[in-house]
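Notes for the one structure printed next.
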Amino acid sequence: MTNGAYRIKVAAAAGIGLAVIGLAWGLAARSLPPAASCVESARNPYRFRDWPRYVAAVRDAGDAACVVLISDSQAYGGEYPARHGYPSVLETLLNERKAGGIDRWEVLNLSIDGVTSIEYAALAARLREERPLWLVSVSGSADYRAENFTKGFSYPRTDLVRLPTELDVARRLPLSFWRRHGKVEDTLTAWVTDRFPLLRFRDFLWSWLDTRYPGAQKTFYAPRTTYRFWQLPGKARTAPVPDPIPDRTGGRLDLTYDERSTVLLAEFLDQLAEIPAAHKLVATAPLSSDFAGTPDGEWVAAFRRDAARLAAERGLPFEDLTGLLPPDDFITSNHFHARNHRRMAEWLADRIAAETKAGR
Amino acid sequence: MLFATYTYAVFLAAVWLLHAALPLRGRQILLLVASYVFYCWETPVYGLLIFASTVLDYLVGLGLARTENPRGRKALLGCSLAGNLGMLGFFKYGDFLGANVVGLGHLLGFAGHWEPMGFILPVGISFYTFQTLSYSIDVYKRQLPAERDLWTFALYVCYFPQLVAGPIERAPHLLPQLRAQHPVLLENLVAGAKRILTGLFLKLVVADRLGILVDAVFASPGTHSAAATWLGLVAFGGQIYFDFASYASIAIGSARLFGVQLRENFHRPLVSASIADFWNRWHMTLTRWFHDYVFLPLGGFRKGGRRAIFNATAVLVLCGLWHGARWNFVFWGAYHAVLLTGYYLWKFYRKRRGRRAPKNGSAWALGLSVAATFWLNIVGLIFFRSPDVATIGKICRACVGLHDGPITPFGWPLGGFGALIAIWLAVELAQEYGGLNEKWARVPWPVRAAAWGLLVAATYLGAVNQQAPYIYFQF
């Protein structure tokens, strides 16, 4: 074959190959369901993976008074339907009581299971664009565990790490954050995924398959993930399968809290201090015990000391809620039953009502 | 830097574009700088090691070219051997040797304690030390003139496509290609892109997916049914083969973009017709290295049957140990030595009885040989994958249905993995014995072009959520 003919053949073959890829891309674009409304997304307990839109829900709340809650699995409340979790109960209480003389309240629960300080910092940096009436942060020592210190964006399980790749958010985060977490490959992946939503089609496809064939996602696609990326309606064609894929960590996280954790906490509080909310509250997460006499106890105590000191240095109101709830109503050391969710919501509702009223 | 990442895609595209625009000397310098950037991406300090290895063998080569004194030449070769093997031994085998010497001391009544040095094994050290060693040995044996240009030699040692996991190249094959000015050819681009896309599919869709089953079975050994355990072992055979073959494919494809042709490393090893055949197809550049630089100098087949068996055993045990400083790799090598010895004894027995294999053996006999070789290999992988002797025991017990406790049920996904494995083996068998590749080449090119488009889409849609590191990086 002559050189010219070969070139034409290669060009034609490339055209056919690209047409097939384009066809697949088009089919994917047509199949990908649109994102739910922002407020609905923020209440979605299944982590619809579109965090930039979650955060924008603050603006979409309209004339309702907005409480933004940043927390971890405790407020995410995977054990119960979302309506029993304390963020939902809090919203109901605030509206029933017309707390602070306000008729309509909206609680945006930006909490997430397995969250790390990397995501906390990114989320808080993004929230600096919003003006919620209240900002409440409830976190525990495990969220700032020392092993987070040098991890890249592929370490967190959520795609909140897409946020730092937005230029405005990137600029707000300190250089030290980027030095620690800005691994090239992870950042590039987060950047690309943020710009091309269709790259998340794979997550959607495997969630869809999992709806029909329970176990498909975890066994064939994402062995380290315990949730569906997209919550989709559908009828299962097979019975749910037992979980043959053990957690690679064996369920054991290294919860060491040391001076590296203090840095992570301080940087998160720096970001919180910059959010233009009318009222703020930084609190430690309620626990079933203070674990005195164990390594866990030392880490929890160090975290409580750090949180109180660092919040005070930044002028952030602080409450230590470690022993707030009765230990009998805990499921695990840090997750609790519906009764404690109710107690937690009532404590927060009282605090919010009183301060809002005083501040108006 | 990992191959199947956005970073590598950007890196490769940038290097290729610059390469296309530069003259020969500029290209060599660009590729050298790119190779060091590639290698030092995660741990820059280990770049010093590869540079030290480069300088050592470069100087040894120059010394060998200047001296005719046999003792001097031997001393120079000794320097290269001591330097390269010393570095490899220190980083890779230091703790293993120390712990075993102390353990032996305990058995003999001596007290002592070995504190692990805790070094992280420099990526690719087993590959590039073998490559530099082969250069010095070839120059010593006067099979190759010494390279006089340091930068060309440095590029030979650290050429990025094959630096961290092979193929292990030889100087007579690679050095002339690195010296040459390759024009930018469309043929090279097409061939390179095809190999890269194939490699990505094999890694992200096949190897990493099979790895999910393997991890599940070996994370809690002995708690799965016999069927799940066997399927997990077969899946490991597929995982390690496709993981490594995909790396080789992307390496060969990347090099081809720059006009360089690397040697093939695999030829469908898991459908071999015998154990000897397997070792001619598995990690070919390493087995060829051991054949040329260990087996032949030991005497090969020239010094009688017993000596040949000893030589083959020594080579296979060393080959096992090359993979890692753990006893399970030694067991794996020894297991293959036993199999190979058995195979040669059987051949010897048949020869003495005057029975020769017919030229066109029956399909049944061939099928039986392929199946037997396949399962013998799969059994051997128990040693390869198990981190300790206790795990070997648990897996072996599970394989025959003996469990210490209740079995973890796998459910329908086990059938899904079975189907994936069946497809893999059917394609391999059809390629090797059914002429699939030749038939594919006769398919009209527009259909093949559409199939490549589908492969790209399937790679994206079928890739697992999180890429596993290449298994051979740890070696």
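Quick note: numbers below take in every heavy atom, side chains included, and nothing from hydrogens, waters or symmetry partners. Below, chains carry the letters A, B, ... as their sequence lines are ordered, and counting in each starts from 1.
Rounding to the nearest 0.5 Å places OH of A/Tyr221 at 9.5 Å from CG of B/Leu461.
The main-chain N or O of A/Val10 is never found under 3.5 Å from a side-chain atom of B/Trp445 such that the two would form a donor-acceptor pair.
In this structure, chain B has heavy atoms under 4.5 Å from both the backbone and the side chain of A/Ala216. If you measure heavy-atom distances from A/Ala12 to chain B, the contacts under 4.5 Å come from both the backbone and the side chain. The parts of A/Thr189 that come within reach of chain B are both its backbone and its side chain, each placing non-hydrogen atoms under 4.5 angstrom from that chain. Heavy atoms closer than 4.5 Å to chain A are found nowhere in B/Trp452, neither backbone nor side chain. With a 4.5 angstrom heavy-atom cutoff, B/Ala463 touches chain A via backbone and side-chain atoms both.
Between B/Gly453 and A/Ile21 the shortest heavy-atom distance is O-CG1, 3.5 Å. Pairing each heavy atom of B/Ala457 with each of A/Ala24, the nearest pair is CB-CB, 4.0 Å. Counting all heavy atoms, side chain and backbone alike, A/Tyr6 lies closest to B/Glu187 at OH-CA, 3.6 Å. Taking all atoms of both residues into account, the shortest heavy-atom contact from B/Arg209 to A/Phe220 is NE-O, 2.6 Å. A/Arg7 approaches B/Leu186 most closely through the heavy-atom pair CG-CD2, 3.6 Å. Closest heavy-atom contact between B/Ile212 and A/Lys218: CG2-O, 4.4 Å.
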Evaluation steps, side chain to side chain contact (heavy atoms under 4.5 Å, CB included), between A/Thr219 and B/Phe417: CA-CA 9 Å; A/Thr219 327; B/Phe417 281 113; 3.7 Å; yes

Derivation of the side chain to side chain contact (heavy atoms under 4.5 Å, CB included) call for B/Asn465 and A/Trp206: CA-CA 10 Å; B/Asn465 176 257; A/Trp206 285 94; over 6 Å; no

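Interface remark: of the candidates A/Leu23, A/Leu18, A/Leu188, A/Leu188 forms the most heavy-atom pairs closer than 4.5 Å to chain B.
Counting non-hydrogen atoms of neighbouring residues, nucleotides and ligands closer than 6.0 angstrom, the CH2 atom of B/Trp41 reaches no more than 12 such neighbours.
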